[in-house]
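Computation of the quantities below employed the complete heavy-atom set of this structure, encompassing side-chain atoms and omitting hydrogens, waters and symmetry-equivalent molecules.
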Protein chains: 2
Amino acid sequence: MSYSLRQIRALTMAVETGSFGRAAARLHVSQPALTLQIRTLEESLGVTLFDRSARGVRPTLAGQALALSFQRILDELETVVAGAREQAQRRSGVVHLAVLPSVAANLLPGALARLRAAHPGIRVMVRDAVARRVAALVKAGEAELGIGHAAGPEPELEETPLFEDSLVAVLPPGHTFAAAASLTLPALAAAPLVLTDPESSLRALVEQAFAAAGLSVRPAYEATYMSTAVALVRAGLGIAVLPATAVELRVAPLLETRPIDTPLLRRRIVLLRRRGASLSPAAEALAEVLAG
Amino acid sequence: MSYSLRQIRALTMAVETGSFGRAAARLHVSQPALTLQIRTLEESLGVTLFDRSARGVRPTLAGQALALSFQRILDELETVVAGAREQAQRRSGVVHLAVLPSVAANLLPGALARLRAAHPGIRVMVRDAVARRVAALVKAGEAELGIGHAAGPEPELEETPLFEDSLVAVLPPGHTFAAAASLTLPALAAAPLVLTDPESSLRALVEQAFAAAGLSVRPAYEATYMSTAVALVRAGLGIAVLPATAVELRVAPLLETRPIDTPLLRRRIVLLRRRGASLSPAAEALAEVLAG
DNA sequence: AGTAGCTCATAATTTTTCCCTATGACTGCG
DNA sequence: CGCAGTCATAGGGAAAAATTATGAGCTACT
């Protein structure tokens, strides 16, 4: 026979009110029920908690001391539970999110602003990483959600399409290519190209597209950062191939961009989550904002 | 529908073992029972605690976090309850005791030693005070037990006789009174007396006894401390009237004591406690040692 | 002094809760 | 493909706890 929360609440309330009857009323039970709860607790602990007399009850020293300790514990419990409920209602919570740097710089700020508007209590811990690492972080559970590239069917990951990021040709001011509405791969292959460094996933995508068309890539320049590539284009040194969503393009007013005639130069940006793992309410809210 | 300790234990155990079945076994319930406990808790909190799949369960982030908090709270609860049970078994606890100085110096040390032998975990907070204050401390609940004089029927206090402390005549070495087995009040009244100071309850008792016999008291010396009185007697300056139990007499080897022929020169030393208030287990143990 | 009103305790009954056994569904492995 | 392991579901039954009704002891008021 062990003690229960009900008995503990009965004790604290009885000590607080100094009366079994009042305590029972406050706890919405009948007085005999509370009397029995107290008595059962006493038997369970082997401690006399109240001195009974015909004109009421009076807590013993042990009763007072226990009520104090129990009250503190009940308060802690209440706090913990309230916190959990608050998170369930999306009124608070933390999401760890792994994001591609390009998305972090472009799509993400607006999404986070919308999330904040809808759920001000939710905090998002953003970690930017390259595509492979985004997937690894989500797999390891270090990030509850990830924004990365579609990488085909992985058993441990579930992908939700977010949007497609096409690569575009970035032309220097007044370039003759600007006359066309779109460019072909062979035309691009013949032009001096500004590409990202050979290790990047962006570069790999470009290489694949050209190879599929039977072309080889001979970059005129390689830049690690997109802003460098943009600067090179602006200086008229070549044509860059960059994601359409890159913020660097939007802040470079004189440059023109043109789509490229191939379905291969596209990246499907997806939301990643562990398969079979339910999302926290906070993550759920973030996912909704990202997808919606 | 609210949460219970049982459900909380189910959660912590399920997170700990990573399996509903193992958790159920450890908690000595069937697996369906545990499944239901978890589910009820989830509904009560509005939180998904586990991701279920056919090959087992896996706690969600919320489940892990809650299990951690709940475990801490359960530990605290366990500690508090264990402490209470320990006190109930007299393996620990504190008693506040108010004592007459004379008893504190004489009877008490032995009693405390016996208490320590029987119940090493019990601590006694001793406060020495004059008879009136001993009663007041017990009435106010500041001392759970008191050792004082029998003061007649008080509505708030309950008295248990401990022993009787007779006043005896303390004679200088070789005094002629030593020839008699006992002394009479008139004989004493005629001798030079060493008494305690007029404010003490001891002195009041002596005055009353002499007055009842139609005699008046003319002390040759008044001493505040018994050790002073003893020194005066040893110097042959008079005969003292002191409690037989006074430790000062035992450490004064050359002095003789004789009883006095009157029932009035006796103090009934009693154990005092609040009427209707049960004793803590520790106080119970102390009371047993004192009375036994 | 008698009585009304307050307190808590007790008793018997009913309601609710909870648990257990048996079984099913699903997955992963040999 | 079947076997072993996991959790979910369903139905019957036992245990726990609540309620109502009542009793008993004290206080205070008239």
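Summarising the geometry, the separation between CG on A/L41 and P on D/dA16 is reported as 16 Å, rounded to the nearest angstrom. Rounded to whole Å, the distance from CZ on B/R58 to P on D/dG5 is 22 Å. Rounded to whole angstrom, the span from the CG atom of A/D51 across to the C1' atom of C/dT7 amounts to 15 Å. The nearest whole Å value for the distance from the CG atom in B/L34 to the P atom in C/dC20 is 10 Å. One atom, CD of B/E43, and another, P of C/dC18, lie 12 Å apart when rounded to the nearest Å. Atom CZ in B/R9 sits about 16 Å away from atom C1' in C/dC18, given to the nearest Å. One atom, CG of A/L27, and another, P of D/dA17, lie 15 Å apart when rounded to the nearest Å. When rounded to the nearest whole Å, the span between NE2 of B/H28 and C1' of D/dA15 equals 19 Å.
Taking side-chain N and O atoms only, A/R39 has a distance below 4.0 Å to OP1 or OP2 of C/dT10. Using a 4.0 Å cut-off, no side-chain N or O of A/R52 falls inside it from OP1 or OP2 of D/dG25. Within the 4.0 Å cut-off from OP1 or OP2 of D/dC7, at least one side-chain nitrogen or oxygen of B/S19 is found. Contact annotation: B/R55 side-chain N/O to C/dG28 OP1/OP2 distance is under 4.0 Å. Residue B/S53 has no polar side-chain atom (N or O) positioned under 4.0 Å from OP1 or OP2 of D/dT6. One finds a side-chain N or O of A/Q37 lying less than 4.0 angstrom from the OP1 or OP2 phosphate oxygen of D/dA18. For B/R22 and D/dT6, the shortest distance from a side-chain N or O to OP1 or OP2 is below 4.0 Å. The phosphate of C/dA9 has OP1 or OP2 within less than 4.0 Å of a side-chain N or O from A/T35.
Comparing A/P32 and A/A54 by the nucleotide of DNA chain C that holds the closest heavy atom to each, the one mapping nearer the 5' end is A/A54. In this structure, A/S4 and B/G56 both approach DNA chain D, and ranking their closest nucleotides by distance from the 5' end singles out B/G56. Both B/R6 and A/L36 lie close to DNA chain C; mapped to their nearest nucleotides by heavy-atom distance, the more 5′-ward contact belongs to A/L36.
In terms of polar N and O atoms assigned as donor or acceptor, the side chain of A/Q31 comes within less than 3.5 Å of the base of C/dA9 in a complementary pairing.
Residues A/I122 and A/L286 fail the side-chain proximity criterion, which asks for heavy atoms closer than 4.5 Å.
Within the nucleic acid shown, A/A33 comes within 4.0 Å of at least one base atom, counting heavy atoms only.
The CG atom of A/L66 sits 6.5 Å away from atom CG of A/L45, with the distance rounded to the nearest 0.5 Å.
The number of heavy atoms from other shown groups lying within 6.0 Å of CZ (B/R9) is above 12.
With distances taken from any side-chain atom of A/S30 to the nucleotides C/dC20, D/dC7, D/dT19, the minimum falls on D/dT19. With D/dC7, C/dC20, C/dA9 as the candidates, the nucleotide lying closest to the side chain of B/V57 is D/dC7.
For the 3.5 Å distance criterion, the side chains of B/Q7 and B/T40 fail to qualify, holding no donor opposite an acceptor.
Taking every heavy atom of both residues into account, B/A129 and B/L137 meet most closely at CB-CD1, 4.4 Å.
Using a 4.0 Å cut-off between charged side-chain N and carboxylate O, A/R267 and A/D165 make a salt bridge.
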